[in-house]
Participant: 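Handing you a structure now.
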Amino acid sequence: MDGLKRDQLEVEAINNANGDTENITEKEDTEKEMAPPVGSSIHRSSSRPQLDLSGAAIQGNFEERDPTILLPNQSDDISHLALDIGGSLIKLVYFSRHEDRVANDKRKMSTKERFGVTNFYGRSFPILGGRLHFVKFETAKINECLEFIHSKQLHRGENDNAVIKATGGGAYKFADLFKEKLGVVIDKEDEMHCLVAGANFLLKAIRHEAFTHKEGHKEFVQIDHNDLYPYLLVNIGSGVSLIKVEGDGKFQRVSGTNVGGGTYWGLGRLLTKCKSFDELLELSQRGDNSSVDMLVGDIYGGLDYSKIGLSASTIASSFGKAISENKEIEDYRPEDISLSLLRMISYNIGQISYLTALQLGIKRIFFGGFFIRGHAYTMDTISFAIQFWSKGGAQAMFLRHEGFLGALGAFMSYEKHGLDDLRVHQLVERFPMGAPYTGGTIHGPPLGDLNEKISWMEKFVRKGIKITAPVPMASPKTTGLGGFEAPSSKGDALRCDESNLNVGVLHLVPSLEVFPLLADPRTYEPNTIDLADPNELEYWFTVLSEHLPDLVDKAVASEGGTDDAKRRGNAFARAFSAHLARLMEEPAAYGKLGLAYLLELREECLREFNFFDAYSTIKQRENEASLAVLPDLLMELDSMSEETRLLTLIEGVLAANIFDWGSRACVDLYHKGTIIEIYRMSRKKMQRPWRVDDFDAFKERMGFGDKKPCFRHKRALLFVDNSGADVVLGMLPLARELLRRGTEVVLVANSLPALNDVTAMELPEIVAEAAKHCDILRGAAEAGGLLMDAMINTQDNPSEKLSSTPLMVVENGCGSPCIDLRQVSSELAAVAKDADLVILEGMGRSLHTNYNARFKCDALKLAMVKNQRLAEKLIKGNIYDCVCRYEPAQLVES
Ligand SMILES: Nc1ncnc2c1ncn2[C@@H]1O[C@H](COP(=O)(O)OP(=O)(O)OP(=O)(O)O)[C@@H](O)[C@H]1O
Ligand SMILES: CC(C)(CO)[C@@H](O)C(=O)NCCC(=O)O
Ligand SMILES: [Mn+2]
């Protein structure tokens, strides 16, 4: 039925096992055509694993190097293209999959052995991830669409009878053309059904999908899944459909109007001679409709007609002025005409929607369709109409995927893709640069490779403001009497659609889970710093911009400093700057904006330009330097009493957290001494009380209080931060202490590199090095399956090696310096179930994202604050102040 071959997974695993390179190459070639070339493996494309691993099981011999893995829940014939062919635009939703080959993950044995599970969360088999891409074309240029599909081979089926789901009138009109040009059969889906299915899916599965837009202000609406229906869906395409939605598949098209997006664009084109829809919309931003419209004041000699609630500036009659004056079309400014037309149509649709909602007794109205086009003034106008007529009783809401509802619905009509079962935490939206590359532009073919993408970036930036500038609309002024004045912002360019920075690529990641130890996932908010405050936003944008040149240097050096690396480095800098510029203008463009999101965006952007690990050299150097002094540190610790040692260990964690290449102040420091010198200096300065100091409470919990029986945690999850001293001299000694007390320790580290953070892949080697000098660590690492060589040596007596308390490593599922605990790896979720202590270390994980997070188990948050502003804001302190926040388990009502 479609291009993804059945049993592909099994075949690939077998190929790998047999070393069948010929087949692999062939597969890679197909993959190149199928999916964007950059990011053909997860490690280069996304910070999330992308495969449904639930219920996965190894087939055959467990000890085989690359055994076949069966993934019963990963549908292997996911349909991957659906269309909505409307009167004006063709919307295309397609699915791409990626593979991942990470060889020799030492943790895979340990995880399996420890938990004795048939579920297999290791990563040494190919991973096929999934992403939904959203693309649109003008219907008049259907050939471009056909070329796009062909060039990406999206129509290729398993056999020759490929079937593509399509909705919209064009599914009928162009069925023969598709057969002729692509040899595919169009399977027609009902348009209204698809619109509703798409809207329901988005409202339930995407966290920041719906928003209100009033007087220039966008606000995301938290949708309560249990209180979604009924709602009125108003789809403003060429024409307008009004649909009452009462449930999944339960709806009725209650009304419609022929005055819609096609009317604005069609009439506008005739009247202004505009060449594109965007040009017309942009004109409206510089328009003054009072020269075209007849206002109440025109009729009432400048007065309000306040008795019936109409201000002088209210439009009495759209285009009404054109009757009384002796003017021809040339005598009117196209700008004024465009605005007048836009207001006429938006008000009209708003009014009809309100009347329909009133008639049906519905309070919530969602607007979709590409007429909206994320345009602030259009949304404000519609919102105003709803607000005005309903006197505040009804609410207009908009959808970020506005025009893609039908196409998404058609995509969902394929059976067996499991899309409708996906939950919010299993979807990650990303905003890659280079829209044409992912197919995000209306014009032109998709870009073929990274090189083309970089060229596109270069052009993108040369066009400068025209493309990158969003829609900067100042709040429209209202008189309070129903009048609605012209937009006050003049001369601003409309954000060009070409940049496509409003709808991202939707990553479907069925293996992500909500961290089970969160006390209340519903109220959990992974951003301590809300960037809704413009000052905050500006500050962090400056920090990130200033850090950019240094980051580019590191990234380029990490790839050998070649010309190619430099070019990619520049493209990355441009891409990230463009994202920053876009967000600076419209912070909510990609959903609700928080600092954690920005930091993750930066890492994603690096990966997009093939920088896999910008800090690899630095990480290695710091690991080596720190491992060299570890034995001395351990000896020093062992000479202390248990109580003194606990304090020294916590001090050590805080002191070693100074090594953070994401902090400018610290990077400046590093030029002033060696790692060890800085570490010593940092430790010397550790004076209690720290700015946040719950150490005594923690100590007491650990059994050092008065007469309390010694308490021992069963399992501790240590969320580690940076490589080098941070993990080696800070967290590892703490882990060792817990192990010594009989607490199992799980080191939780990033799945993918981010800044100088240590990754789960790197940890086993570091632990193995450390274990050479420490029996406790060695025994624990062996028991936890981290020392593969050692395990092989003790193979005869496996029970012996499992006798000590195990030290394990799991990946957290992300590739950012922060962690959103609503979306963690299933591996982490599995080990968390038996944990009773969580230790979060470092600014990103314990402050930026989880300072206010509450857990069902004991939690310790440790960080040195390496940013003056954050210190002031969060702890009313200063840079280099320390946080040791201890919170006992929260009681949770179940
Ligand atoms: N780049 C664009 N080119 C043309 N129209 C655009 C563009 N961007 C936004 N629009 C607006 O979006 C409208 C089309 O919206 P949409 O794609 O939702 O409808 P459609 O499916 O083509 O129409 P219908 O559902 O009535 O068949 C156009 O009529 C125009 O007002
Ligand atoms: C004809 C459709 C459904 C095609 O998408 C749309 O353009 C529409 O709803 N037009 C409005 C027709 C009417 O109800 O007056
Ligand atoms: Mn349509």
Side-chain angles (χ1 to χ4, degrees), residues 82-93 134-142 144-145 166-174 188-199 202 233-243 253 255-270 272 274-284 338 341-346 348-349 366-379 381-382 398-410 435 440-444 467 471 494-500 502-503:
L83 299 158
D84 171 6
I85 313 176
S88 306
L89 300 172
I90 303 175
K91 281 74 60 178
L92 195 147
V93 170
F134 300 86
V135 194
K136 61 184 185 297
F137 299 86
E138 287 171 33
T139 307
K141 298 179 184 164
I142 189 159
E144 282 184 5
C145 171
T167 189
Y172 295 81
K173 186 174 170 184
F174 298 113
K188 302 169 193 72
E189 290 291 324
D190 175 67
E191 185 178 336
M192 300 302 132
H193 183 92
C194 288
L195 286 173
V196 170
L202 289 166
L233 177 62
V234 182
N235 190 66
I236 317 179
S238 317
V240 186
S241 289
L242 288 86
I243 310 166
R253 183 182 191 270
S255 188
T257 164
N258 50 337
V259 180
T263 318
Y264 174 58
W265 177 204
L267 258 183
R269 203 181 69 88
L270 286 178
T272 67
C274 266
K275 292 281 177 285
S276 75
F277 178 84
D278 280 6
E279 200 184 324
L280 180 66
L281 205 52
E282 198 170 326
L283 279 181
S284 77
S338 178
L341 201 53
L342 180 63
R343 297 187 63 179
M344 175 176 106
I345 289 163
S346 303
N348 189 246
I349 294 171
F366 292 102
F367 289 87
F370 269 124
F371 169 70
I372 308 280
R373 203 210 162 288
H375 189 240
Y377 192 78
T378 306
M379 293 188 280
T381 309
I382 292 173
F398 303 89
L399 301 171
R400 246 170 5 93
H401 290 82
E402 49 187 22
F404 286 108
L405 308 185
L408 249 177
T441 174
I442 293 180
H443 316 282
I467 293 183
V471 193
L494 178 72
R495 168 178 46 82
C496 179
D497 216 24
E498 213 172 330
S499 58
N500 201 41
N502 43 348
V503 173

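What you are looking at is a predicted structure, and each value in this text was computed from that prediction instead of being measured. Counting convention: from 1, in listed order, for ligands and their atoms alike.
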Participant: Cation-pi check, K91 to F370: give yes when NZ or CZ is under 6.0 Å from the six-membered ring centre and within 45° of the ring axis, no otherwise.
Facilitator: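 Output no; distance or angle outside limits.
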Participant: Taking side chain to side chain contact (heavy atoms under 4.5 Å, CB included) as the test, write out the residues that go with A171, two or more places apart.
Facilitator: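 Testing A171 for side chain to side chain contact (heavy atoms under 4.5 Å, CB included), a comparison that skips the adjacent residues, returns A166, I186, K188.
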Participant: Counting both backbone and side chain atoms, is some N or O of R373 under 3.5 Å from an N or O of ligand 1?
Facilitator: no
Participant: Could you check whether any heavy atom of G239 sits closer than 4.0 Å to an atom of ligand 1, since that is the contact criterion I want to use?
Facilitator: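 For ligand 1, residue contact (heavy atoms, under 4.0 Å) with G239 is present.
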Participant: Do T378 side-chain atoms and L342 backbone N/O form a donor-acceptor pair below 3.5 Å?
Facilitator: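 No, T378 side chain to L342 backbone: no donor-acceptor pair under 3.5 Å.
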Participant: Within the side chain of E402, is there an N or O that forms a donor-acceptor pair under 3.5 Å with the backbone of R373?
Facilitator: yes
Participant: Could you list the atoms of ligand 1 found under 4.0 angstrom from a heavy atom of G369?
Facilitator: 18 (O)
Participant: Just verifying a value: how many Å separate T272 OG1 and L267 CG, rounded to the nearest 0.5 Å?
Facilitator: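 Atom-to-atom, T272:OG1 and L267:CG are 10.0 Å apart.
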Participant: Using a 4.0 Å cut-off to any heavy atom of K91, which atoms of ligand 1 qualify?
Facilitator: 16 (P), 17 (O), 19 (O), 20 (P), 21 (O), 22 (O)
Participant: What atoms in ligand 1 come closer than 4.0 Å to a heavy atom of G261?
Facilitator: 29 (O), 30 (C), 31 (O)
Participant: For the side chain of T139 and the backbone of G86, is there at least one donor-acceptor N/O pair under 3.5 Å apart?
Facilitator: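 Confirmed, T139 side chain pairs with G86 backbone.
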Participant: Taking a cutoff of less than 4.0 Å between a non-hydrogen atom of the residue and any ligand atom, is Y264 in contact with ligand 1?
Facilitator: no
Participant: With the threshold set at under 4.0 angstrom, would you say G262 reaches ligand 1 through any of its heavy atoms?
Facilitator: yes
Participant: Taking C-beta and beyond as the side chain, do F174 and I90 meet within less than 4.5 Å on heavy atoms?
Facilitator: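 The answer is no, as the side chains (C-beta and beyond) never meet within the 4.5 Å cut-off.
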Participant: Just which atoms of ligand 1 are under 4.0 Å from any heavy atom in W265?
Facilitator: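 Ligand 1 atoms under the 4.0 Å threshold to W265: 4 (C), 5 (N).
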Participant: Taking the non-hydrogen atoms of E191, is any one of them nearer than 4.0 angstrom to ligand 1?
Facilitator: yes
Participant: Check whether any heavy atom of K136 sits under 4.0 Å from an atom of ligand 1.
Facilitator: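 Per 4.0 Å heavy-atom rule, K136 does not contact ligand 1.
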Participant: Where is the tightest heavy-atom contact between S338 and Y264, given as atom of each residue plus distance?
Facilitator: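 The pair with the smallest heavy-atom distance is OG-OH, 2.9 Å.
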Participant: Please state which part of F277 comes within less than 4.0 Å of ligand 1, counting heavy atoms only: side chain, backbone, both or neither.
Facilitator: side chain
Participant: Report the residues that fulfil side chain to side chain donor-acceptor pair (under 3.5 Å) with S88, sequence neighbours left out, ordered by chain and then residue number.
Facilitator: S238
Participant: Pick whichever of S88, G268, G86 has a heavy atom sitting closest to atom 14 (C) of ligand 1.
Facilitator: S88
Participant: Is E402 touching ligand 1 with its side chain, its backbone, both, or neither, if touching means heavy atoms under 4.0 Å apart?
Facilitator: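 Neither part.
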